[in-house]
Number of protein chains: 2
Amino acid sequence: MVDVFVRIAAVLSLPRSVGELYGILFISPEPMCIEDLMRKLRISKGSTSQGLKILRSFGAVNTTYVPGDRRDFFTAESALRKIVSGFVNEQIRPYLENGKERMARLEDLAQAEADNAFFIDRIDRLRGWQKRANALLPFALNLIKPD
Amino acid sequence: MVDVFVRIAAVLSLPRSVGELYGILFISPEPMCIEDLMRKLRISKGSTSQGLKILRSFGAVNTTYVPGDRRDFFTAESALRKIVSGFVNEQIRPYLENGKERMARLEDLAQAEADNAFFIDRIDRLRGWQKRANALLPFALNLIKPD
DNA sequence: CAGATTGTTCAGAAAATAATGAACAACGCA
DNA sequence: TGCGTTGTTCATTATTTTCTGAACAATCTG
């Protein structure tokens, strides 16, 4: 089961340990603290802390309070929508913004070389791709609305 | 411009050189041979050959024949649909198949532990996610139908 | 506030990934 | 068939990414 999430992590270009952490939390009925995670996964404290930081950054794990215990406890967020939208906002949007800016710069270049039909065609094409990719995002988010 | 494709390659977990190769072909009005690519990108023959192999594997570059020249010449495929569907078929589908099989195995486990309500709930949830992801693919392909 | 516990950071080690280049294979041509 | 050219493969090297663990910071407790 943990392996399932390790693979998902790989697709998303996240470290293996991040997938492991989420996986173990996903199948744990009880919240876990850092030491639990270290022991179960046999990874260092540093990796555990870093991995949890990443997972929290896009809302894939939640911190829970356990009365009478000073340590932090974590659970896996199970609402796919929250995770995906968090991930998009934190890890994808910055790229997209950058892409837009970059495209703008290319457009300027195109203006300068108004005679180079081939170059202009390529930029147009690229812009078409970008438009389609942007259209996909809202739909994807909508698909997972119910949860 | 090449940089744009290098970034896209990174998102898709492809080597940098693969992005460079596609980028340079994308903005080249003329077909290019391996030596051209090596010179322009300052990469080795091995990388060039390997990178082109990957790009061909999902139809992102085409081989063209140049009369009177024994070398292979390459151009960038500019139909997004072809590239995406090729990429999905070659690089994504295998994972999905594997995922299905893996899920089946988990279901068996669930049967065995029919009393563990939590475990069953988690498997159900995971299955729900998988279903949504699968639903997204056809839509994405449809979105880029016109080209 | 002192002492103990818990979490974070970061320099260095280890592991994974990608690039190189030389050996080799495939192919065309005379 | 033999020679020259072009493309591929793969062991080695280089680079990048990830993990480790000890030092440090933050926080609680009495």
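In what follows, chains are A, B, ... by sequence order, proteins preceding strands, each numbered from 1. Nothing here was measured: the structure is a model prediction, and the numbers come from that model.
- Between the C1' atom of C:dT5 and the CZ atom of A:F73 lies a distance of 13 Å, rounded to the nearest Å.
- The interatomic distance linking A:F74 (CZ) with C:dT8 (C1') rounds to 11 Å, in whole Å.
- Atom CG of A:L37 and atom P of C:dT8 are 12 Å apart (whole Å).
- One interatomic measurement links the two molecules: NZ of A:K45 to P of C:dC10, which rounds to 16 Å at whole-angstrom precision.
- If you check every strand for non-hydrogen atoms under 4.0 Å, B:I43 touches sugar and phosphate atoms only.
- Nearest to the side chain of B:R71, among D:dT20, C:dA19, D:dT6, sits D:dT6.
- Using cut-offs of 30° and 60° on the angle between ring planes, the pair A:F139 and B:F139 is parallel.
- To the nearest angstrom, C1' of D:dG21 lies 14 Å from CD1 of A:I34.
- Taken from CG in B:L106 to CZ in B:F119, the straight-line distance is 5.5 Å, to the nearest 0.5 Å.
- Between A:R56 and C:dT8 there is a side-chain polar atom (N or O) within less than 4.0 angstrom of OP1 or OP2.
- Rounding to whole angstrom units, CD of residue B:Q50 and P of C:dA19 are separated by 10 Å.
- Heavy-atom nearest nucleotides on DNA chain D were determined for B:S47 and for B:E35, and the one closer to the 5' end corresponds to B:E35.
- The nearest whole Å value for the distance from the CD1 atom in B:I54 to the C1' atom in D:dT8 is 13 Å.
- In this structure, CZ of B:R16 is placed 10 Å from P of D:dT17, rounded to the nearest angstrom.
- For C:dT9, the OP1/OP2 oxygens have a side-chain nitrogen or oxygen of A:K53 closer than 4.0 Å.
- Listed nucleotides: D:dG7, C:dG7, D:dC28. Nearest to the side chain of A:R70: D:dC28.
- Ranking D:dG7, D:dC19, C:dA18 by closeness to the B:P15 side chain, first place goes to C:dA18.
- In terms of hydrophobic clustering, with Ile, Leu, Val, Met, Phe, Trp and Tyr side chains grouped at heavy-atom distances under 4.5 Å, A:I24 and B:F118 are assigned to different clusters.
- For the atom pair B:Q130 CD and B:R127 CZ, the distance stands at 9.0 Å (nearest 0.5 Å).
- Dashed line: the shortest gap from a side-chain N or O of A:S44 to OP1 or OP2 of D:dG21 is not under 4.0 Å.
- Counting only heavy atoms from C-beta on, A:S49 has its side chain closest to C:dT9 among D:dC19, C:dA18, C:dT9.
- Nucleic acid contact for B:T48: none, since no nucleic acid atom lies under 4.0 Å from a heavy atom of the residue.
- Taking the side chain as every heavy atom from C-beta outward, B:L41 and B:S17 never approach each other to under 4.5 Å.
- Considering only the side chain of B:D72, D:dG7 comes nearest among D:dG7, D:dC28, C:dT20.
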